[in-house]
Amino acid sequence: MKIQNLIKVAIAAIRRNKTRSFLTMLGIIIGVASVIAMLAIGEGSNASIQEQISSMGTNLINVMPASRNRGGVQQGRSMSQTLVVSDIEYLRNNSDLVKAISPEVQSSGQVIFGSSNWPTQMYGGNEEYTYIKKYEVASGRIFNSQEIKSSAKVCLLGQTVVDNLFGDDVDPIGQSIRFDKIPFKVIGILEEKGDNTFGQDQDDIILAPYTTVMKRITRQIYLRSIVISAYSEDQISQTSTQIEAGMRLAHKLKDTEENDFEIRTQDELISTFGSISEMMLVLLGSIAAISLIVGGIGIMNIMYVSVTERTREIGLRLAIGGKGKDILLQFLLEAVLLSVIGGIVGVVLGIITSNTVENIMGWPVLITSDAILISFLFCSFIGVFFGWYPARKASALDPIEALRHE
Amino acid sequence: MKLKKIIDLNNLNKNYFVGAEIVKALRELNLSVEAGEFIAIMGASGSGKSTLLNILGCLDKPTSGDYWLDGKNVNAMTKNQLASIRNTKIGFVFQSYNLLPRTTALENVELPLLYNSSISNRLRREKAEHALEAVGLVDRMKHLSNQMSGGQQQRVAIARSLVNDPVIILADEATGNLDTKTSYEIMSLFQELNEKGITIGFVTHEPDIATFTKRNIVFRDGRLIKDFTVENRLSAQIALKELKDEEAFLEEQENLNLAYI
C-alpha cells in the first residue's frame, strides 16, 4: 500500500473512534505537558539561581576566619579572630592574581535620621569594596583613600535604608545620619540590587570606611572577612591556591598547623546550588517521564483492545489483498499518530501551563527547545515501541480465523 | 468455441490436524470451472465446502494436488504473492457483509484498490463509482455502512467484490443473513452480473437459492458427490415478483377477513 493511503487509512481509523482516540491521547497529552512544564519550572529556577549568584560576583573569593580550637573548646566562627588588616597588605603585595582586595567588617544597629529610625547593618570596606561586591554608586561618590586613612565619618546608603529614613522630597546626600550614636555624613547612594539567593535584602546596608567602623563602632582589630576579586572566573581556583599560601605565610603557620582561615568561592556556591537544582530537575523530569510511560502503556492497551475488536476488519483486509506488512504498518502508524498528535497537543498545553505558573505563582520558568524536542522524540518512540506488539499481533493473524471471529 | 478455464483442481487434498487426529476436509478433488459459470457449492456443515472456498480464494493452500487459477499454479506461491492474487483476481462476498463501520459505501468499495499501488486515486474512485452503479446504489455512495439495511450492505459488499475486476467472485452464504425477499433481490443481482459474463462461486446450503444458479456441486465428507447442470433454472426476478404477488394476495385475504369480522 502506498504510504499516503496508509496514512489516510490510519487517520480514518482514529476518527472512527473519536472518544476512545482522545482518551488514549490524554495519557500522552498529560505526560508531555507535565514534562514541558516541570522542565520549564526546573530550568527556570536553575537559571534564576545562576543569575543571582553571578550578580553577587562570580570572581568573588571570601577569606573567613576558621573556627578554632582553644584549650579543647571549639570556637564559633564569629568568635574566631584571626584576620587582621596587615593580611590584606601582605596579600596585595605578594599575590599577583589578586585584582582587588578589601577587608570586610560589619555591625548591626539602629540608624536614625530626624524622627525616623531603621534597624540595619553597617559594612566597612575600602575603596575597592563596591567593585568586589558588585555594588554601583547611583549618586554621590565612594569614599576615598584619604577618608579611609582618617577614619572619616562618611557613608553610602542602600536603597532600603534611604526609603525608610528619608521622605520623597529630601535628597539624602549631604545629610547627617546617626548610627550607634555616631553621626555620619551621607556621601553617596548605592544602586538597587534586590534580594540575593537566600532572600536577603542586599539594599538594606550602610557602607562606610572599614577604619571608621573598626575604630568607632566595633572597636576591634579583627576583620569579619577579606573579600577578593580574581581577574576572571577561570582563575578562581589558582587565585585561591595563591591566597591560601599567602595567608599561611602571613600568619606564620608551621607545616603541621592547620589553616586558621577558610577560603570560600562562588564556585562552590554555584556548584552546591547547581547540584540541588540538578537534583530537582532530575526528580521533576523522572516524575514527568513516568507519566509519559504510563501514557504509552495506555496506548499499547488500547491498541491491543483495538486489534481484538477489529479482528474481522483485519481478516477482511487480508482477504482482499492486504499483506501482513500493510496491516503491521497501519496499526503501527495508528499508534504513532495517536502519540504524536497527543505530543503536539501536550507541548501546547505544557507551554500554556508554564506561562500560567509564571503569571500566577510568579515562579521563573524557562521553556527550552531541548525539552520540547526531547518530549516530542520520546513520544514518537513511545508510539513505535508500544504500538509494535499489538501491530505485530494484528499482522500475524490468519485471515480465515480472523474472518470467523465473533 | 472452447470457453476459458478459470479454475482447475487436480487430485486436491486438504488435511487438518485436530489434536492427534487427521481430518480429511477434501479428498481427491477434481474440478474445473470455466468463465461465465454460476456454481452453487452445496453440502452440510463439515462437508468441506468452506475449505474449498478458502482454497479457491487463495486464503488457504491444499495439502496436496494442484490448483491452477487463471493459468497460474497457486501452490508454489508465497504468502505475499497469494495476497496479490486475492487482490487482483478474486472478489469475496461474506455472509455478514464485513463492511468497515462508520465508513461510507464509496470508501468501503474503494478498499481493495487501496492495496493495489498501481491504481491511482482517480482511477480508484472511478472504478468504485462504477461498481456501485452496477449494484444500483449510485445514489447512496456517501451513506455510512451502518446506516444501511442488510440488503443494501450486501450490495455494497458485492460492489466491493466487483471493483478489482476479478476472474471469479466467491460468495460465502451471501444470503444467509437476509430474509427471503432480500435474498431473492441479491440473487437477482448475482444473476444479472453473471449475465454480463462474471463467474460466480456461491456457497449455500439452501436448495432453493441453488436453483438460481447454473451448476450445482454437492459435497459430503470431503468428497464431491454430485455435479450437475441446473435443469429448470429459475429467474430470481420472476421469483421475486411471485413472492410480491403472494404477499399482496395474503394481505388482501387478511383485509377481507378483518372486514368479515
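Quick caveat, the model's predicted, so the values are computed rather than measured.
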**Q** Under 3.5 Å, is there a donor-acceptor pair between the Asp172(B) and Gln95(B) side chains?
**A** no

**Q** Under 4.5 Å, counting heavy-atom pairs only, tell me which of Ser50(B), Cys58(B), Gly57(B), Ala83(B) racks up the most with chain A.
**A** Ala83(B)

**Q** Evaluate the ring planes of Phe38(B) and Phe202(B), with Trp represented by its six-membered ring, and classify them as parallel (under 30°), tilted (30 to 60°) or perpendicular (over 60°).
**A** perpendicular

**Q** Heavy-atom pairs under 4.5 Å with chain B - which of Asp326(A), Leu318(A), Leu403(A), Ile400(A) has more of them than the others?
**A** Ile400(A)

**Q** Tell me whether Lys127(B) is salt-bridged to Asp165(B), with the criterion being a basic N under 4.0 Å from an acidic carboxylate O.
**A** yes

**Q** Please classify the contact of Ile90(B) with chain A as side chain, backbone, both or neither, using a heavy-atom distance under 4.5 Å.
**A** neither

**Q** One thing to verify: whether Glu107(B) and Arg125(B) come together as a salt bridge, which I'm taking to mean a side-chain N less than 4.0 angstrom from a carboxylate O.
**A** no

**Q** Taking atom types as modelled, find out whether Asn15(B) and Thr63(B) have a side-chain donor-acceptor pair closer than 3.5 angstrom.
**A** no

**Q** Need one label for Leu53(B): side chain, backbone, both or neither, based on atoms under 4.5 Å from any heavy atom in chain A.
**A** neither

**Q** By a 4.5 Å heavy-atom criterion (distance strictly below it), what part of Pro166(B) contacts chain A: side chain, backbone, both, or neither?
**A** neither

**Q** Is Arg312(A) salt-bridged to Glu401(A), cutoff N-O under 4.0 Å?
**A** no

**Q** Among Ile85(B), Leu111(B), Leu99(B), single out the residue with the greatest number of heavy-atom pairs under 4.5 Å to chain A.
**A** Leu111(B)

**Q** For Lys8(A), which atoms come within 4.5 Å of any heavy atom of chain B: side chain, backbone, both, or neither?
**A** side chain

**Q** With distance as the sole criterion, is a donor-acceptor pair present between the side chains of Gln152(B) and His143(B) under 3.5 Å?
**A** no

**Q** Asn164(B) versus chain A, heavy atoms under 4.5 Å apart: side chain, backbone, both or neither?
**A** neither

**Q** So which residue, Ala319(A), Pro399(A), Gly324(A), ends up with the most heavy-atom pairs under 4.5 Å with chain B?
**A** Ala319(A)

